[in-house]
Number of protein chains: 2
Amino acid sequence: MRNSKVPGVTIERLPLYYRYVQRLDRYETNVVSSSELGKRVGIPAAQVRKDLSYFGEFGRRGVGYEVDSLRYHLEKILGLNKTWPMLLVGAGNLGRALVNYRGFLEQGLEIRAVFDNDPGKTGSNIVDGLKVEPLENLEKRITELSIKIGIIAVPVDSAQEVAVKLVELGINSIWNFAPTLLEVPSHIFLRNEDLSVGLMSLIYYSANYESGKECSHHIEKNSEDK
Amino acid sequence: MRNSKVPGVTIERLPLYYRYVQRLDRYETNVVSSSELGKRVGIPAAQVRKDLSYFGEFGRRGVGYEVDSLRYHLEKILGLNKTWPMLLVGAGNLGRALVNYRGFLEQGLEIRAVFDNDPGKTGSNIVDGLKVEPLENLEKRITELSIKIGIIAVPVDSAQEVAVKLVELGINSIWNFAPTLLEVPSHIFLRNEDLSVGLMSLIYYSANYESGKECSHHIEKNSEDK
DNA sequence: TAGATTGTTAATCGATTAACAATC
DNA sequence: TAGATTGTTAATCGATTAACAATC
C-alpha cells in the first residue's frame with residue numbers, strides 16, 4: 001500500500017465503491033469499468049480511478065476492474081476482512097437503535113458490550129444476550145474483549161467525560177453521536193456523526209429552496225456539494 | 001443576504017457556530033471573538049470570519065460578535081426561526097430512534113407524521129400521539145401538514161421507490177438514512193446520512209492505527225467527512 | 001493613542017478533472 | 001489493428017489561511 005497521504009474524502013468514498021461491488025456480484029458481471037462504477041455511486045470516473053490508485057493498481061488497461069478482485073482489495077484496505085469489536089456507551093434510543101442496526105448493515109457493526117450509568121437501564125437485555133452494563137465494567141470488558149473502538153451515544157453533558165475515560169482505557173477510535181466537540185488527544189481517531197448538524201443544514205437548504213432554481217445538492221455528509 | 005456562492009462546507013459549519021452561541025448565553029458573555037468561537041468548535045478564527053462574511057457583517061471591529069445578535073442571525077440564516085414540519089418513512093429501529101431523538105435536539109426535529117408499509121406496524125403509537133400510518137396516507141398528510149422535508153429510514157431495497165413517491169408529492173428535501181444512492185431530480189436537496197459509510201471509514205482508521213504516529217484525525221462527517 | 005478584532009484581499013494549499021500514453 | 005480503459009501527469013478549480021487596512 002502506498003497510501004502516503006490519502007485525502008480524507010477519498011476514504012469516505014471507498015465505502016461507496018465497496019458497497020457497490022459487494023452488491024454487484026449477486027447479479028453477474030465479471031468486470032466493471034471506472035465509468036460504470038462511478039455512475040452507480042455518483043462520482044466521476046477519473047475520481048474513481050484516482051481514489052483507487054492511492055492503494056495500488058487493481059484494474060487492467062483496456063478491460064476494467066475484475067469485480068471479485070476489487071471487492072477483495074477494498075475489503076482489505078478498509079479492514080473489513082477482520083472483525084473489530086466495539087463497545088457502546090449510552091443505552092438510550094439512539095444507542096439501542098445502533099445495536100439493532102447491526103443486522104441491517106451488510107458488513108456488520110460488531111457491538112460487543114453496552115454501557116450506561118443509569119442503574120435503571122443496567123442489566124436489561126438489549127438484544128440477543130447483550131446486556132447493559134454499568135460503567136465500572138468498562139476497563140474489564142475493554143481488556144477481555146480487546147476493544148479498540150468506542151461508540152458514544154450519551155447526552156451532550158456526559159460525552160466529554162466518557163471520551164476521556166475511553167481514551168484512558170486504551171480505545172483508539174471514537175464514533176461520537178453526541179452533538180458536541182470532544183477534546184481528545186491528537187492520536188485518537190474521532191469521527192463525529194452529528195445528526196444535529198445534518199438536521200440544521202437540511203433545514204438551511206429547505207428554507208432557501210426555490211423551485212427549479214439552482215442545481216443538484218446531493219450531499220454526502222462531509223461535503224461533496226454538487 | 002449575499003450568499004452568491006456559499007461553499008457547502010461553510011453550511012456544514014454554521015450549525016456548529018449556532019450550537020455554541022446557543023449554549024453560550026446560559027453562561028454570560030455579551031461578546032465573543034472569532035478566535036474564542038473558533039477554539040470552541042475546532043475551526044480556525046479566519047475561517048469563522050470568512051464563513052460568517054458570506055451572509056453579512058455581524059461583528060464589530062476591535063470588539064467581536066455580540067452573542068445575542070450572532071445567535072439571531074445564525075438562526076435566521078439556517079431557517080431555525082421557523083418550524084419545518086417533516087415526515088418520516090420507515091418505523092424500524094432507526095426511525096423510532098429518530099422520532100424519540102426529537103427531544104434531545106435543542107432546535108427540534110419536527111416529525112409530524114410517520115409511515116410504514118408493514119401493516120403490523122401501522123396504527124401503533126410511536127410516541128405521544130404520533131401513530132404509524134400506511135403509505136397511502138402520504139399524499140393527504142403532505143398536503144394537510146404542508147410538509148416539504150422527508151426522512152427516509154427504510155431498508156435499501158425500498159428507499160428509491162419511497163424517494164420517487166416523495167418527490168412526486170412535492171417534497172423538496174430528503175434526509176436519507178438508507179445506505180444507497182438515491183436518484184432524484186437535481187432540484188431536490190438530498191442529504192445522505194449514511195451510517196455505513198461512517199462505520200467503514202471508522203474501521204479503516206482504526207485498522208490503520210499506529211500508536212503515537214500521525215496527527216489529529218478529527219473528522220466532521222462530512223468530513224464530514226471531513 | 002495603543003491594543004484588539006473584524007472583514008476582505010491575496011497567497012497558499014489541496015482536491016478535482018481533463019487529457020493522454022500505456023496497455024489489453 | 002481498432003476500440004476500450006487504466007494509471008498518472010498536469011491544469012484547473014475551489015477552499016483554507018495569512019496578512020492587513022479599517023475600525024472600535
Side-chain angles (χ1 to χ4, degrees), chain A residues 1-14 16-17 21 29-67 69-70 73 215-220 222-226, chain B residues 1-14 16-17 21 29-67 69-70 73 215-220 222-226:
Chain A
M1 282 196 203
R2 38 170 158 167
N3 45 345
S4 43
K5 39 181 189 284
V6 185
V9 278
T10 290
I11 305 301
E12 301 269 307
R13 286 188 295 256
L14 296 182
L16 305 178
Y17 307 148
V21 295
T29 320
N30 281 332
V31 160
V32 67
S33 67
S34 59
S35 65
E36 173 65 11
L37 176 46
K39 198 161 59 190
R40 293 317 202 78
V41 300
I43 286 164
Q47 195 159 67
V48 172
R49 296 199 299 277
K50 186 114 229 291
D51 285 342
L52 295 175
S53 77
Y54 286 112
F55 301 94
E57 304 191 6
F58 307 132
R60 279 215 293 168
R61 289 164 195 237
V63 178
Y65 298 88
E66 207 253 310
V67 174
S69 158
L70 187 57
H73 286 293
C215 53
S216 191
H217 295 108
H218 301 180
I219 299 263
E220 192 71 39
N222 255 3
S223 51
E224 198 206 312
D225 207 335
K226 279 289 147 57
Chain B
M1 285 194 201
R2 39 171 156 165
N3 46 347
S4 43
K5 43 184 185 281
V6 186
V9 278
T10 290
I11 305 303
E12 301 269 306
R13 284 188 296 256
L14 296 181
L16 305 179
Y17 307 148
V21 296
T29 318
N30 281 332
V31 159
V32 67
S33 68
S34 59
S35 64
E36 174 65 11
L37 176 47
K39 199 161 57 191
R40 295 317 202 78
V41 301
I43 286 164
Q47 195 159 66
V48 172
R49 296 199 300 276
K50 187 114 231 285
D51 285 342
L52 295 174
S53 77
Y54 286 112
F55 301 95
E57 305 192 6
F58 306 132
R60 277 214 293 171
R61 290 163 196 238
V63 179
Y65 299 88
E66 208 253 308
V67 175
S69 158
L70 187 55
H73 285 293
C215 52
S216 192
H217 295 108
H218 301 181
I219 298 262
E220 193 71 40
N222 284 276
S223 256
E224 35 101 44
D225 321 88
K226 288 56 192 89

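Computed from a prediction, not measured in an experiment: that's the story for all the values here. Each chain gets a letter, A, B and so on, in the order its sequence line appears, and its residues count up from 1.
- Remark: R49(B) is not in phosphate contact with dA22(D), judged by side-chain N or O atoms under 4.0 Å from OP1 or OP2.
- Side-chain N or O atoms of T29(B) include none that pairs as donor or acceptor with a backbone N or O of V32(B) at under 3.5 Å.
- Going from atom CG of D51(B) over to atom C1' of dT17(D) covers 12 Å, rounded to whole Å.
- We find that CD of E66(B) is positioned 15 Å from C1' of dT6(C), with the value rounded to whole Å.
- Taking atom CG of L52(A) as the reference point, atom P of dG7(D) lies 8 Å away to the nearest angstrom.
- In this structure, the separation between CZ on R49(A) and CD on E57(A) is 13.0 Å, given to the nearest 0.5 Å.
- In the set dT17(C), dT16(D), dT8(C), dT8(C) carries the atom at the smallest distance from any side-chain atom of E57(B).
- In this entry the distance linking CD of Q47(B) with P of dA19(D) reads 16 Å, nearest Å.
- A distance of 10.0 Å separates CG of L70(B) from OH of Y17(B), quoted to the nearest 0.5 Å.
- Side-chain atoms of V9(A) and D51(A), non-hydrogen and from C-beta on, never get closer than 4.5 Å to each other.
- For the atom pair Q47(B) CD and S53(B) OG, the distance stands at 11.0 Å (nearest 0.5 Å).
- Distance from the side chain of P44(B) is smallest to dT17(D) among dA15(D), dG7(D), dT17(D).
- Mapping A46(A) and V63(A) onto DNA chain D by nearest heavy atom places V63(A) closer to the 5' end of the strand.
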Yes or no on side chain to side chain contact (heavy atoms under 4.5 Å, CB included) for V67(A) and V31(A), after CA distance, side-chain angles and deciding distance? CA-CA 5 Å; V67(A) 174; V31(A) 160; 5.7 Å; no
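- Atom CZ of R61(A) and atom P of dT8(D) are 7 Å apart (whole Å).
- The distance from atom NE2 of H73(B) to atom P of dG7(C) is 11 Å, rounded to the nearest whole Å.
- The phosphate of dA4(D) has neither OP1 nor OP2 within less than 4.0 Å of any side-chain N or O from Y65(A).
- The nearest whole Å value for the distance from the CG atom in L37(B) to the P atom in dA4(C) is 19 Å.
- Nucleotide dG7(C) holds its C1' atom 15 Å from the CZ atom of F55(B), rounded to whole Å.
- Taking only side-chain nitrogens and oxygens, S34(A) never comes nearer than 4.0 Å to OP1 or OP2 of dT5(D).
- Contact annotation: R13(A) reaches the phosphate of dT16(C) (side-chain N/O to OP1 or OP2, under 4.0 Å).
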How far apart are the C-alpha atoms of N30(B) and Y65(B), what are their side-chain angles, what is the distance that settles it, and do they pass the side chain to side chain contact (heavy atoms under 4.5 Å, CB included) test? CA-CA 8 Å; N30(B) 281 332; Y65(B) 299 88; over 6 Å; no
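- Sequence order on DNA chain C of the closest nucleotides to K50(B) and S35(B) puts S35(B) first from the 5' end.
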Can you give the dot-bracket line for DNA chain C, using ( ) for pairs inside the strand, [ ] for pairs that cross earlier ones, | for pairs with another strand and . for unpaired bases, where Watson-Crick and G-U count if both distances are under 3.5 Å? ..||||||||||||||||||||||
